[in-house]
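Presented below is the structure to which this report refers.
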Amino acid sequence: MYTFPEVITAIVVEGASREPGVLTQELPTRFLDGVAESVLALPANATADDVFVFKSSRSHAEAWFNGALNWKRYIGGHRSDHPGASP
């Protein structure tokens with residue numbers, strides 16, 4: 001059984017190779033809210049090095065970071081109810 005944070009991590013990583021706009025159509029709102037919370041908390045000047053300590057490997061950290069950037073751009077452009085979203 002996976003925990004909620006593990007699922008959110010997997011969804012963020014998936015955003016590195018798949019378009020978040022496509023993924024949003026396949027996922028429950030509860031998971032999307034968790035993704036939004038995770039990626040919008042990422043500081044604007046963050047790098048993959050900043051998340052490396054929390055991930056199992058450098059490649060996992062890079063996939064998470066790239067996915068987080070994709071999700072952050074998507075959420076910022078489509079969800080005005082989250083901080084940092086575009087008007």
Side-chain angles (χ1 to χ4, degrees):
M1 184 57 115
Y2 293 102
T3 66
F4 187 73
E6 289 170 332
V7 172
I8 297 305
T9 294
I11 293 170
V12 172
V13 169
E14 189 70 15
S17 61
R18 294 181 64 197
E19 288 294 321
V22 173
L23 291 168
T24 59
Q25 298 171 30
E26 301 172 3
L27 298 167
T29 301
R30 161 184 157 190
F31 291 134
L32 297 175
D33 288 345
V35 168
E37 185 178 332
S38 295
V39 301
L40 292 176
L42 192 64
N45 62 346
T47 68
D49 292 334
D50 296 317
V51 298
F52 179 63
V53 70
F54 302 111
K55 306 305 172 197
S56 57
S57 68
R58 177 69 188 187
S59 62
H60 187 213
E62 289 174 356
W64 188 93
F65 183 74
N66 291 332
L69 292 180
N70 289 343
W71 275 106
K72 195 171 184 179
R73 280 190 290 272
Y74 175 81
I75 293 166
H78 291 89
R79 296 185 68 181
S80 61
D81 60 327
H82 284 282
S86 299

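Numbers for residues simply follow the sequence, beginning at 1.
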Identify the two heavy atoms, one from [X] and one from [Y], that lie closest to each other, and give their separation to 0.1 Å.
{"X": "A63", "Y": "A16", "result": "O-CB, 3.4 Å"}
{"X": "A36", "Y": "I75", "result": "CA-CD1, 3.5 Å"}
{"X": "L42", "Y": "K72", "result": "O-NZ, 2.6 Å"}
{"X": "V12", "Y": "A68", "result": "CG1-N, 3.5 Å"}

Could you work out, with side chain to side chain contact (heavy atoms under 4.5 Å, CB included) as the rule, every residue matching [X], not counting sequence neighbours?
{"X": "Q25", "answer": "none"}
{"X": "S17", "answer": "E14"}
{"X": "E26", "answer": "R18, V22, L23"}
{"X": "A41", "answer": "none"}

| said: Treating N70 as the side-chain partner and G15 as the backbone partner, does any N or O pair qualify as donor plus acceptor under 3.5 Å? | reply: yes

| task | Supply the atom-to-atom distance D33 CG to L27 CG, rounded to the nearest 0.5 angstrom. | result | 11.5 Å

| task | Measure the CD-CH2 distance between E19 and W71 for me, rounded to the nearest 0.5 Å. | result | 10.0 Å

| request: Decide yes or no for R58 and D49: does some side-chain heavy atom of the first lie under 4.5 Å from some side-chain heavy atom of the second? | output: yes

| field | salt bridge (Lys or Arg N to Asp or Glu O under 4.0 Å) partners of R73, counting only residues at least two apart | value | none

| query | Of all residues at least two apart in sequence or in a different chain, which pass the side chain to side chain donor-acceptor pair (under 3.5 Å) check with E6? | reply | T3

| field | Qualifying ring-ring contact (aromatic ring centres under 6.0 Å, His included) pairs, either residue in residues 6-34, two or more places apart | value | F4-F31

